[in-house]
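Below: the structure, in structure tokens.
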Amino acid sequence: MKNIDTEIPSVYDPKIVEKKWYKFWLEKDYFKAKHNPDKANNFSIVIPPPNVTGSLHIGHALNNTLQDILIRWKKMEGYNTLWLPGTDHAGIATQNIVEREIAKEGKSRYDLGREQFVERVWAWKEKYGNNIINQLKRLGSSCDWSRLRFTLDEGLSKAVRKVFVQLYKEGLIYRENYVINWCPRCQTALADIEVESIEEDANLYYINYPIKDSKGEIITVATTRPETMLGDTAVAVHPDDKRYNKFIGKTAILPLMDREIPILADSYVDPEFGTGAVKITPAHDLNDFELGKRQKLQAINILNKNGTMNEQAGRFKNLSVSKCREKVLNELIKKGFLNKIEDYKHSIGHCYRCGTIIEPYLSKQWFVKMKEIAEPAIFAVEEGRTEFIPSRWDKVYYDWMRNIKDWCISRQLWWGHRIPVWYCQDCGEIMVELEDPTICKKCGSHNLLQDPDVLDTWFSSALWPFSTLGWPEETEDLKCFYPTSVLVTGFDIIFFWVARMIMMGLKFRGEVPFKKVYINPLIKAAGGKKMSKSSGNVIDPLTVIDEYGADTLRVTLASLTIQGNYICLSEERIRGFRNFTNKIWNVSRFSIMNLKGFDIDKIEKDKLKMTLVDKWIISKLNEAIKKSTEYLNEFKYGEAAKIIYEFSWNEFCDWYIEFSKPRLHQQKDTIERQTSQYILWFVLENTLRLLHPFMPFVTEEIWQKLPHKGESIMVSPWPKYKEEYENKDAEDKMDKIMSIIKTIRNIKSDMNIPYSKEIDLYLNINEKDKLKLIKENIYYIETMIKTKSIEVGTEIKKPEYSATGVLEGIEIFIPLKDIINISEEIARLEKKLNKINGELNLIYKKINNNDFLSRAPKDIVKKERDKANDLRDIKERLENNLKSFK
RNA sequence: GGGCGGAUAGCUCAGUUGGGAGAGCACUGGUUUUACAAGCCAGGGGUCACAGGUUCAAGCCCUGUUCCGCCUACCA
């Protein structure tokens, strides 16, 4: 009969457990940070705010798991922790969603008007905006929800306003007519980094432009965008290009448009590329625009905001860019202007939100001057005030920061922070103030108009680490938690977000926003492929949570987290860690069953009788505590998790539990049994605490079932390494005992002896210390190996028909009269001998080398010599045993 | 064009100042053993990309090469 507690199922079911404990933690207010003036004892993280439109994808799951591990661990270490959550209003994405929604009603945002449309978006946000927040809760995130922020909150909007006004007054924000990246679908300007260049196969078109007043002379230009010729206002060649000297100053006739355009010299032109002659379209190419400014050229804008041709394109009006290109090419061919077409590979910019091809577009936009605010941010990282982990990311940061360009911050959207600039319609005065103006300060007119544009969402995100803490008010939160301790984020937003936060933090708080930036890897599917809906290899974290539980998802992600750029996730991998979760569940189940009647308060520690294996497991636990804590300090999540995983499974479950069974299963409540119970409880309880940041739910569930002190494992202390727990002597001794057991198991397995078959065992040991050790602890071997009889001694002769195992100073004989197959045994021993000989030869090479002996450190030499002796001993014994068969 | 990262077992990856090639998964064989078959026990499997160099000693340091991935750049 199995003596099993039927109240605890043998398979862990996370569903009810997770709901129960999350609710409990919330009720206890454990996530809520306190105001603690002792800054050194505060630990704070601001969440990378997910888009309010978002739903939790696997990248969020990883990023937030890693943050939660830090927060829970630091909390257990005694810090006053703050994990500040929130969402981002995600201008383009959110506006797109609501526009699509009203499109179903057959309306556009213009039908609703600005005010009504924005109201609609708010209504949408109220309804769906908490989606991702609830999903974060399911992951177990211990965010301080009482401090939940949104980038369009009143307070954060105040911060945005203040920053804009101040930067404007300092001349760091300016408005200019400039060629920016225009998304014709979103109908807004984008910053340079919001454009994704994708290399595509395209064509280079060579077009002949006739020279005016010549006898059929032409100049040929090369272009990838032939339709832009409609806006050409010049042709440029290099001043030193002898081929074209004669044309400089002459006039070309623009085909199809019959416009006269000058041919001019500019050193920007690369004579090596194409024909060495460039068509110049100042309104639709940044370089052409710059050249146009130098050369005082007219800029002709040929595009409407929606990407179709405007009236400047003449008869091509209203055509889309691609249709227009087609028609232009047809006409060029028909009229004999198209010289040739070449295949050409080049990068084409796409909108990072919707994928539409970006058009360079001349328009009036607001910009932030970056050079000046970037400099202190570069120093901050150089001086280590902010540290990137892994450190190589600082190079990426430096590279971008040192070549930084001005940031286009105006967006032609309705959802976002409206640009706080008013224009007097009467005198043209521009007003930028903290309070909305009602009267022109110059002419007294009330005829004011606010700039229609909104700010880039990232403009408000850049203020996140201090705007969320209450700035511009000097709040207690700011005093306690700024600068924050760590930022955990992905490398894809180092430019978008991290760099800008450092700049703004320094500019407006005079201090870096975070001391460390931990860059987490990005997740890929098995085989290193990108997860995408089209490949069908997406792993949805919520599905994983439903199926396997949040703990399994978390510990999987944490375990895979290495210092590299990518991690590969597969369902197979998740199942492996589900098994681990279940292992922890079952060892706890075993422990709970065996701790009946155990009371921590009644234990008199001085009276406990610690055995060798008790000392060993305590020492091993101690080591696991030390190493896992060290790894966490270095943000090596995978290594930390691995240490705890291996300790709990390979040492605690596989060895300690098995060794302790006989003592636990005693009927009487002896001191031996009590000791065993105490150690079992002690090790498990500590292990649970080590696991808690990784697997908060299952550890809480078990911890509450175990004898414990305190309300929750969440607020229990992180285990501490203690020197007095370290016991190298016990570790060495257990090593020897365990290798004897392993060798016997090996022989049994090789000889096909079933586990349950009882054997006679002979141990011939020629060293006094070892003999004493084994004699005193023969109990451990008996626990793990089913034996009929055991003999241990110095002069034990090998019984006939025995299988043999050889260890340093130890021979193991198992008589197998009925079973043994002599030739199999010979083959087995020969195989082992070969292996030993191989190792031995390598060592001989070393210790017979005079250079090695004279130059290598003495301890290394000694180690090699000792090893040679051990191996020689084993070799001799193996050989003797082999001889006995012949 | 510039830069960064990578190449170690079938797969995914560890491998900290240079000193006995590791893990998980997969695979093979055994096993229902009083927590767990999502388990237990055992096993096979590697020219550490290639070529040089430094060193008594190189997966690790240096140089070069090849291949892969990513970022970045205004060459139309």
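Keep in mind that what you see is a predicted model, and the values were worked out from it rather than measured. Proteins come first, then strands; the chains are lettered A, B, ... in the order of their sequence lines, and each starts at number 1.
Base pairing of B/C4 is made with B/G69, judged by Watson-Crick or G-U wobble geometry with both donor-acceptor distances under 3.5 Å. Pairing for B/G39 is with B/U31, a Watson-Crick or G-U wobble pair whose two hydrogen-bonding atom distances lie under 3.5 Å. With a 3.5 Å ceiling on both atom-pair distances, B/U55 lacks any Watson-Crick or G-U wobble partner. Across all strands shown, B/A21 forms no Watson-Crick or G-U wobble pair with both distances under 3.5 Å. The base-pairing partner of B/U47, taking Watson-Crick or G-U wobble contacts with both distances under 3.5 Å, does not exist among the strands shown.
Distance from the side chain of A/Pro857 is smallest to B/G19 among B/C74, B/G19, B/G5. Here the nucleotide nearest the side chain of A/Tyr566, chosen from B/G20, B/G69, B/C75, is B/G69. With B/U34, B/A76, B/U33 as the candidates, the nucleotide lying closest to the side chain of A/Val278 is B/A76. Nearest nucleotide to the side chain of A/Cys568, out of B/C75, B/U12, B/G19: B/U12.
When the C1' atom is used for both B/U54 and B/G44, the distance is 37 Å, rounded to whole Å. Distance check on atom C1': B/U63 versus B/G20 gives 29 Å, rounded to whole Å.
Ring geometry for A/Phe580 against A/Phe577 counts as perpendicular: the plane angle is over 60°, on a 0 to 90° scale with 30° as the lower cut.
Relative to the ring axis of A/Tyr631, A/Lys636 does not place its NZ or CZ within 45° and under 6.0 Å from the centre. A cation-pi arrangement is absent between A/Lys279 and A/Tyr209, since the terminal nitrogen or guanidinium carbon is not both under 6.0 Å from the aromatic centre and inside a 45° cone about the axis. Stacking of A/Arg745 on the aromatic ring of A/Trp655 is recorded, both the 6.0 Å distance cut-off and the 45° axial limit being met.
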Requested in this report: Encode nucleotides 38-45 of chain B as B, S and - characters from 5' to 3', where the letter depends on protein heavy atoms closer than 4.0 Å: B to the base, S only to sugar-phosphate, - to neither.
Outcome: BSSSSS--
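Position along RNA chain B of the nearest nucleotide to A/Arg573 versus A/Ala277 favours A/Arg573 as the more 5'-ward residue.
With A/Asn403 contributing its side chain and A/Asp399 its backbone, the two residues share a donor-acceptor pair below 3.5 Å. Under a 3.5 Å cut-off, the side chain of A/Asp873 and the backbone N or O of A/Asn869 do not form any donor-acceptor pair. Not one N or O on the side chain of A/Thr281 forms a donor-acceptor pair closer than 3.5 Å with the backbone of A/Ala283.
Taking the six-membered ring wherever Trp is involved, the centroid distance between the rings of A/Trp585 and A/Tyr12 falls below 6.0 Å.
Residue A/Val396 is classed as having no contact, given no heavy-atom separation below 4.0 Å to the nucleic acid. Nucleic acid contact for A/Glu639: sugar-phosphate only, since backbone atoms but no base atoms lie under 4.0 Å from a heavy atom of the residue. Across all strands shown, A/Asn849 has heavy atoms under 4.0 Å from sugar-phosphate atoms exclusively, and none from any base. Within the 4.0 angstrom heavy-atom criterion, base atoms lie near A/Ile657. Contacts of A/Lys661 with the nucleic acid, taken as non-hydrogen atoms under 4.0 Å apart, include base atoms.
Here B/C36 presents its P atom at 16 Å from CD1 of A/Ile584, a figure rounded to the nearest Å. Atom pair A/Asn586:CG and B/C36:C1' shows a separation of 3 Å (rounding to whole Å applied). Distance, A/Tyr645 OH to B/A14 P: 17 Å, rounded to whole Å.
Evaluation of atom-type donor-acceptor distances gives a pair under 3.5 Å for the side chain of A/Glu658 against the base of B/A35.
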